[in-house]
**Student:** 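Mind looking over this structure? Questions follow.
Since we're looking at a predicted model, the values are computed, not measured. Each chain gets a letter, A, B and so on, in the order its sequence line appears, and its residues count up from 1.
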Amino acid sequence: MRLEALARAAVAEVLKRLSLPSPPGEIPLERPDKAEYGDISSRIAFLLAKELKRPPQEIARDLAGHISHPDLSRAEAAGGFLNLYVRPEALRRILGEIIAEGEGYGDWPLGGGKPLQVEFVSSNPTGPLTVGHGRQAALGDALANLFSALGWEVTREYYLNDEGRQIELLARSLWARYRQALGEDVPVPEGGYHGDYLVPIGEELAREWGDKYPEWSPQAAEAFRAVAVERMMAMIREDLAAIGVSFDVWSREGDLHRRGVVREVFEALRERGAVYEKDGAYWMRSTEYGLSRDPVLIRSDGTPTYLMVDIAYHVDKYRRGFVRVIDVQGADHVEEQQQVKLALRILGYPEGFLDYCVHQFVTLKGREGIERMSTRRGKFLRLKDLVDELGRDVVRYFMVRRRPGAHLVFDLELARKTSMENPVYYVQYAHTRIASIFREAERSGELPAAPRGPELLRAADLSPLEDPDELSLIKELDRFPDVVRNAAESYGPHLLCEYLEGLAGVFHPYYNRVRVLGQGEATTARLALLWATKTVLAKGLALLGVSAPEVM
RNA sequence: GCGCCCGUAGCUCAAUUGGACAGAGCAGCGGCCUUCUAAGCCGCAGGUUGGGGGUUCGAGUCCUCCCGGGCGCGCCA
């Protein structure tokens with residue numbers, strides 16, 4: 001039984017024994033940040049104060065005076081809080097349970113194997129992935145990992161927008177590059193894609209096709225669009241491979257049209273009275289529901305807007321059996337998100353079905369200062385170049401280290417450092433140091449190699465663990481599953497970074513001060529503790545898509 | 001102008017979702033390697049949480065008004 005369960009049982013028991021009411025919901029518990037507030041504490045007295053018409057401090061004192069549990073050494077009332085101190089034996093028993101759970105430690109059965117989708121990146125195939133998409137790739141993948149750990153059957157999906165005006169512009173831009181390669185002075189269209197990446201493709205087409213398309217025509221549009229989309233997708237796949245993200249499903253906009261989903265969902269909205277006609281177009285009645293404007297669903301030329309397709313896409317997701325969908329999107333899509341959610345509400349889909357993880361943009365802080373990026377203007381840093389320079393681990397870690405809702409300033413100089421200043425290495429190095437101890441233990445014969453070594457650790461006598469840092473380490477390890485759950489449910493993988501840096505921050509001083517090998521009985525106990533620490537570090541890093549190296 | 005997000009140490013950011021005296025890492029200063037990797041450890045200094053008002057036993061967190069920044073306000077995606 002973990003710390004919280006133990007404390008909850010103790011508090012529930014004393015409430016019952018003193019015939020006090022239980023608060024609605026669970027008994028609140030916190031991990032105090034100061035040692036003088038105990039190992040775990042509860043603000044329950046504040047919750048009972050109103051009902052009992054007694055001051056919180058008095059209630060807390062009552063509870064502290066009467067609480068009794070074999071695993072608690074002490075209970076104090078301070079400022080209305082009930083502070084509990086756990087016996088070292090109980091902590092050591094918890095460590096034993098963590099070791100027994102092994103790799104599965106940190107997982108939850110909450111999702112019950114139900115299908116959940118994380119849709120992310122979904123960048124238009126109009127250019128390579130930029131640093132901004134990198135944040136989304138890292139974020140989405142980490143969330144997918146986290147929800148898998150919560151027991152959901154997770155699908156990673158990329159929505160591919162292979163039709164529409166932006167693609168038209170892309171094709172036109174590529175055609176211009178093609179003409180340029182043939183020595184003609186055709187400019188890239190206004191608002192088109194000015195990045196260099198189209199230049200070599202234009203040259204290639206010039207060699208291959210010669211002067212086959214001297215004019216911009218429907219035939220040219222067709223040909224250049226097909227090549228452009230195909231080449232851009234190849235580029236994007238390359239970028240995703242570089243950062244180590246892969247998708248289970250690639251869905252295409254064109255597919256939704258062909259299957260008639262778009263038309264059908266539009267009709268459904270119209271039947272619900274959510275649509276009106278004006279200026280030859282069809283609009284959704286959004287202002288009636290408090291949104292700031294009515295958007296167009298079907299243009300006057302009869303083609304559906306991006307929003308209309310997006311709504312249909314989400315209906316389709318529901319029909320495909322997902323019980324929960326999380327879309328990772330940039331802050332520039334918030335209005336769109338409100339419109340989609342509203343449409344789903346009108347259509348009667350369950351409220352919690354669709355959720356958005358909205359993230360702010362990334363700016364790069366290098367020597368030249370902070371730069372803004374734009375794919376269309378060709379002013380951006382390709383994600384792959386950044387990964388090639390810094391490594392996948394650094395890029396991934398930096399991208400998820402901040403709360404998604406906050407702007408991310410990517411500090412290139414810090415990221416380039418291979419020292420303690422770089423938080424990724426700080427965490428990874430803790431893992432490496434432990435690995436090193438195990439290598440040394442095997443070499444010196446203090447611990448046999450796997451599988452016998454781990455078996456011995458599972459059966460180890462943990463009673464020599466009484467150093468305060470050792471007990472702190474156990475308390476940190478005990479928190480891990482809660483961090484995983486919280487990081488997933490609040491869409492905040494950065495909480496995992498915080499945790500891992502904290503865990504490494506307990507380990508490093510301990511390592512520096514306390515010798516593990518050659519300490520007789522204590523050695524096996526310490527190896528067991530470090531085994532658990534190493535497992536949690538590795539698992540935490542894995543959830544973020546970052547490696548846990550044995551050697552650095 | 002309207003809507004959404006943000007403002008915390010010199011810098012980059014946390015803060016268990018309303019809890020205790022607001023915490024880290026850089027940058028600054030001073031110490032620690034013949035012992036499992038110094039990519040490390042220890043110590044010092046650093047704050048009116050943008051500002052005012054309000055709700056609450058209790059506010060960085062909720063409400064309100066200012067100030068400053070970002071994003072959006074297309075029959076683009």
**Student:** What's Glu489(A) touching, base or sugar-phosphate or nothing? Going by heavy atoms closer than 4.0 Å.
**Tutor:**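 Nothing, no heavy atom under 4.0 Å.
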**Student:** Quick one: look up who rC11(B) pairs with, Watson-Crick or G-U, both distances under 3.5 Å, and put none if it's unpaired.
**Tutor:**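 The base-pairing partner of rC11(B), which may sit in any strand shown, is rG25(B).
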**Student:** Report yes if at least one side-chain N or O of Arg165(A) is closer than 4.0 Å to OP1 or OP2 of rC76(B); otherwise report no.
**Tutor:**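 Checking Arg165(A) against rC76(B): at least one side-chain N or O falls below 4.0 Å of OP1 or OP2.
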**Student:** At 4.0 Å (heavy atoms only), tell me whether Val358(A) reaches a base, stays on the sugar-phosphate, or touches nothing.
**Tutor:**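 The residue Val358(A) makes no contact with any strand.
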**Student:** Sticking with atom P, work out how far rC2(B) lies from rU64(B), rounded to a whole angstrom.
**Tutor:**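 Nearest-Å result for rC2(B) against rU64(B) at atom P: 14 Å.
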**Student:** For rA24(B), does OP1 or OP2 lie under 4.0 Å from any side-chain N or O of Arg402(A)?
**Tutor:**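 No, Arg402(A) has no side-chain N/O under 4.0 Å of OP1/OP2 on rA24(B).
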**Student:** Give me the distance, rounded to whole Å, that separates rA39(B) from rG25(B) when you measure between the C1' atoms they each carry.
**Tutor:**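 Rounded to whole Å, the distance is 15 Å.
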**Student:** Tell me whether the side-chain N or O atoms of Thr432(A) pair up with the base of rA39(B) as donor and acceptor below 3.5 Å, since no angle test is needed here.
**Tutor:**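 Answer no: no donor N or O sits under 3.5 Å from an acceptor.
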**Student:** Strictly by Watson-Crick or wobble contacts shorter than 3.5 Å, is anything paired with rC33(B), and which nucleotide is it?
**Tutor:**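 When the pairing criteria are applied, nothing turns out to pair with rC33(B), so the answer is none.
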**Student:** Can you find a side chain N or O atom of Arg403(A) that sits less than 4.0 Å from OP1 or OP2 on rG7(B)?
**Tutor:**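 Looking at the OP1 and OP2 atoms of rG7(B), one of them is under 4.0 Å from a side-chain N or O of Arg403(A).
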**Student:** Under 4.0 angstrom, heavy atoms only, what part of the nucleic acid is Pro56(A) near: base, sugar-phosphate, or nothing?
**Tutor:**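 Nothing, no heavy atom under 4.0 Å.
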**Student:** So what does Glu501(A) hit on the nucleic acid, given a heavy-atom distance under 4.0 Å: a base, only sugar-phosphate, or nothing?
**Tutor:**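 No contact at all - Glu501(A) keeps every heavy atom at 4.0 Å or more from the nucleic acid.
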**Student:** Which nucleotide, in any strand shown, forms a Watson-Crick or G-U wobble pair with rC73(B), with both distances under 3.5 Å?
**Tutor:**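 Across all strands, the one nucleotide that pairs with rC73(B) is rG1(B).
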**Student:** Report yes or no: is there a donor-acceptor pair, N or O only, under 3.5 Å between the side chain of Asp33(A) and the base of rA14(B)?
**Tutor:**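 Answer no: no donor N or O sits under 3.5 Å from an acceptor.
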**Student:** Looking at Tyr426(A) and rC26(B), is any side-chain donor or acceptor paired with a base atom of the opposite kind under 3.5 Å?
**Tutor:**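 Donor-acceptor pair under 3.5 Å: no.
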**Student:** For Glu442(A) and Leu447(A), indicate whether the former's side chain and the latter's backbone hold a donor-acceptor pair under 3.5 Å.
**Tutor:**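 No, because the side chain of Glu442(A) does not come within donor-acceptor range (under 3.5 Å) of the backbone of Leu447(A).
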**Student:** Under 4.0 angstrom, heavy atoms only, what part of the nucleic acid is Ser41(A) near: base, sugar-phosphate, or nothing?
**Tutor:**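 Answer is base: heavy atoms of Ser41(A) come under 4.0 Å of a base.
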**Student:** Can you tell me the distance, in whole Å, between the CD atom of Glu30(A) and the C1' atom of rG23(B)?
**Tutor:**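 After rounding, the gap between these two atoms is 17 Å.
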**Student:** Under 4.0 angstrom, heavy atoms only, what part of the nucleic acid is Ala49(A) near: base, sugar-phosphate, or nothing?
**Tutor:**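 Nothing, no nucleic acid heavy atom in range.
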**Student:** Lys50(A) side chain N/O closer than 4.0 Å to the phosphate oxygens (OP1, OP2) of rU56(B)?
**Tutor:**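 No, Lys50(A) has no side-chain N/O under 4.0 Å of OP1/OP2 on rU56(B).
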**Student:** Identify the heavy atoms of Arg8(A) and Leu29(A) that sit nearest to each other, and give their distance.
**Tutor:**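 Looking at all heavy atoms of both residues, the closest pair is NH2-CD1, 3.7 Å.
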**Student:** Provide the distance between the two P atoms, one in rA9(B) and one in rG47(B), to the nearest whole Å.
**Tutor:**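 Roughly 10 Å separates the two P atoms.
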**Student:** For rC41(B), measure the glycosidic angle (O4'-C1'-N9-C4 for a purine, O4'-C1'-N1-C2 for a pyrimidine) and name it syn if it falls within 90° of 0, otherwise anti.
**Tutor:**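 Anti, angle beyond 90° from zero.
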**Student:** Can you check whether Arg299(A) has a side-chain N or O nearer than 4.0 Å to OP1 or OP2 of rC76(B)?
**Tutor:**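 Answer yes for this pair, as a side-chain N or O of Arg299(A) is under 4.0 Å from OP1 or OP2.
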**Student:** Check this one for me: any side-chain N or O of His494(A) less than 4.0 Å away from OP1 or OP2 of rA15(B)?
**Tutor:**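 The answer is yes; a side-chain N or O of His494(A) sits under 4.0 Å from OP1 or OP2.
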**Student:** Counting any heavy atom closer than 4.0 Å, what does Arg433(A) reach on the DNA or RNA strands: base, sugar-phosphate only, or nothing?
**Tutor:**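 It contacts sugar-phosphate atoms only.
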**Student:** Record whether the side chain of Glu336(A) comes under 3.5 Å of the base of rC73(B) through a donor-acceptor pair of N or O atoms.
**Tutor:**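 By the distance-only test, no, there is no pair.
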